[in-house]
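Below you'll find the structure, written out as structure tokens, and then a few comments.
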2 protein chains.
Amino acid sequence: MRDREEHLLEALENLFRTRHECSCTVFSECGLSDLTVRQVAYLKIIDEQGDITFSRLAEITRNSKPTITEMINKFVRMECVYRERCPEDGRVLYIRLTDKGQKIAKAEQAALRRMIERMMDSLDDQEQELLVRILQKVR
Amino acid sequence: MRDREEHLLEALENLFRTRHECSCTVFSECGLSDLTVRQVAYLKIIDEQGDITFSRLAEITRNSKPTITEMINKFVRMECVYRERCPEDGRVLYIRLTDKGQKIAKAEQAALRRMIERMMDSLDDQEQELLVRILQKVR
DNA sequence: TATAATTAGGTAAACCCTAACTAACGGAGG
DNA sequence: CCTCCGTTAGTTAGGGTTTACCTAATTATA
């Protein structure tokens, strides 16, 4: 019982470590290893929201518009985002992610996917099925 | 096959989300939700090293001693650490974690432990054994 | 005129430094 | 044995840079 708990701890620690390593790899592949947690969060918002403008991002993040301009300028310098003018209204600019920006915004999912690949590689069909079934039970 | 991958993805996402929620809970329980990644890292070093002095922490983190003094003063204000004079040498001070500091330094382990509790609760003996065995196979 | 974004110019906090200081230790000479 | 003095641990004073924010004024388009 105690013993099983220990083993589970070890196994999960290993899982989480692996996943963390995977997302770090993605970050350093982009040459941006020292991104802030906050910066990554902003990129994720931009990714999730789709057609997002400066005003809207200011609203969501509860920052002033100049703050957003500044932030986006920094991201542009990092080659993570670019501006795209709205064809219907020339005052409006959309914030778009570059490939690099996309990659960072989706780093965690990518890490998860890599982990799953590993799992699929090291487990046979039956084991995979079993694992899914067991994990689904945990709430 | 595709399907199983999807299920695995979902199940693992759930696992990781749960774990993240657990460590966030620990942080907000301490009333220090806006700690820096760096600050948490420092608390972990203090925790791991045991009898650590200012000079030693300066050495490990490659900072000057005044920087460490400043950092520790901030932690003292946050009630995460306190100073303890060395009984053998009156010049030396040990940096000690308070309960709060301990809690933060060990937040990740705590989160993992909570997750494991959940797992133990929602799985029977046989399932637990199986899970451990399957997870151990993943490299 | 109103709205979207930018520019100019500023503040506060985080995170780092060197130089100078204080307090305690510990060995050498009286 | 005790005092003096160089050494060591940590602190204080005073500084710099960067980050992350702000308001007010400006530009361009609707």
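Here is how names work: the chains are called A, B, and so on, in the same order as the sequence lines, proteins then strands, and each is numbered from 1.
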Could you run down the sub-3.5 Å N/O contacts of the protein with nucleotides 14-16 of chain D?
none

Query raised in the report: Does A/Thr67 put a side-chain nitrogen or oxygen below 4.0 Å from OP1 or OP2 of D/dA20?
Result: no
Query raised in the report: Of the nucleotides C/dC16, D/dT11, D/dC21, which has the atom closest to the A/Arg38 side chain?
Result: D/dC21
Between N or O atoms, less than 3.5 Å apart, protein on one side and nucleotides 25-27 of chain C on the other: list the pairs.
unit_1: C/dC25; atom_1: OP1; unit_2: B/Gly90; atom_2: N; d: 2.6

Report task. Apply side chain to side chain contact (heavy atoms under 4.5 Å, CB included) to the pair A/Ile116 and A/Met120, showing each step before the final yes or no. Result -> CA-CA 6 Å; A/Ile116 286 170; A/Met120 308 287 274; 4.0 Å; yes
Query - Heavy-atom check, side chain of B/Leu112 versus side chain of B/Lys106, under 4.5 Å - result: no
Query raised in the report: So what does A/Arg62 hit on the nucleic acid, given a heavy-atom distance under 4.0 Å: a base, only sugar-phosphate, or nothing?
Result: sugar-phosphate
Requested in this report: Any chance you could measure B/Ile52, atom CD1, to B/Leu57, atom CG, to the nearest 0.5 Å?
Outcome: 4.5 Å
**Report entry** Whole-Å distance separating the CG atom of B/Leu35 from the C1' atom of C/dA14
**Finding:** 13 Å
Query raised in the report: If we only count heavy atoms from C-beta on, is the B/Leu15 to A/Leu12 side-chain gap below 4.5 Å?
Result: yes
Query raised in the report: CD1 of B/Ile134 to CD of A/Gln128: how many Å apart, nearest 0.5 Å?
Result: 9.5 Å
Query raised in the report: Which of these nucleotides, C/dT18, D/dC21, C/dA5, is closest to any side-chain atom of A/Tyr42?
Result: D/dC21
Report task. Check every strand shown and say whether B/Arg56 touches a base, only sugar-phosphate, or nothing at a heavy-atom separation below 4.0 Å. Result -> nothing
Query raised in the report: Are any non-hydrogen side-chain atoms of B/Arg118 and B/Arg114 less than 4.5 angstrom apart?
Result: no
Query raised in the report: For B/Thr69 and A/Ser64, take the nucleotide of DNA chain D holding the closest heavy atom to each; which residue's nucleotide lies nearer the 5' end?
Result: B/Thr69
Requested in this report: Quickly work out the A/Asn73 CG to D/dC21 C1' distance and round it to whole Å.
Outcome: 15 Å
**Report entry** 4.5 Å side-chain heavy-atom contact, A/Leu93 and A/Ile72
**Finding:** no
**Report entry** Carboxylate-amine/guanidinium proximity below 4.0 Å for A/Glu59 and A/Arg56
**Finding:** yes
Query raised in the report: A/Lys74 side chain: which of D/dC21, D/dT19, D/dT11 is closest?
Result: D/dT19
Query raised in the report: Hey, are the side chains of A/Met119 and B/Lys137 touching, using non-hydrogen atoms and a 4.5 Å cut-off?
Result: no
Requested in this report: Choose from C/dA4, D/dA9, D/dC22 the nucleotide whose nearest atom is closest to any side-chain atom of B/Ser55.
Outcome: D/dA9
Report task. Have a look at B/Tyr94 and say if it touches a base, only the backbone sugar-phosphate, or nothing, with a 4.0 Å heavy-atom cut-off. Result -> nothing
Report summary line: Sorted by position of nearest nucleotide on DNA chain C, 5' first, the leading residue of A/Thr53 and B/Thr36 is A/Thr53
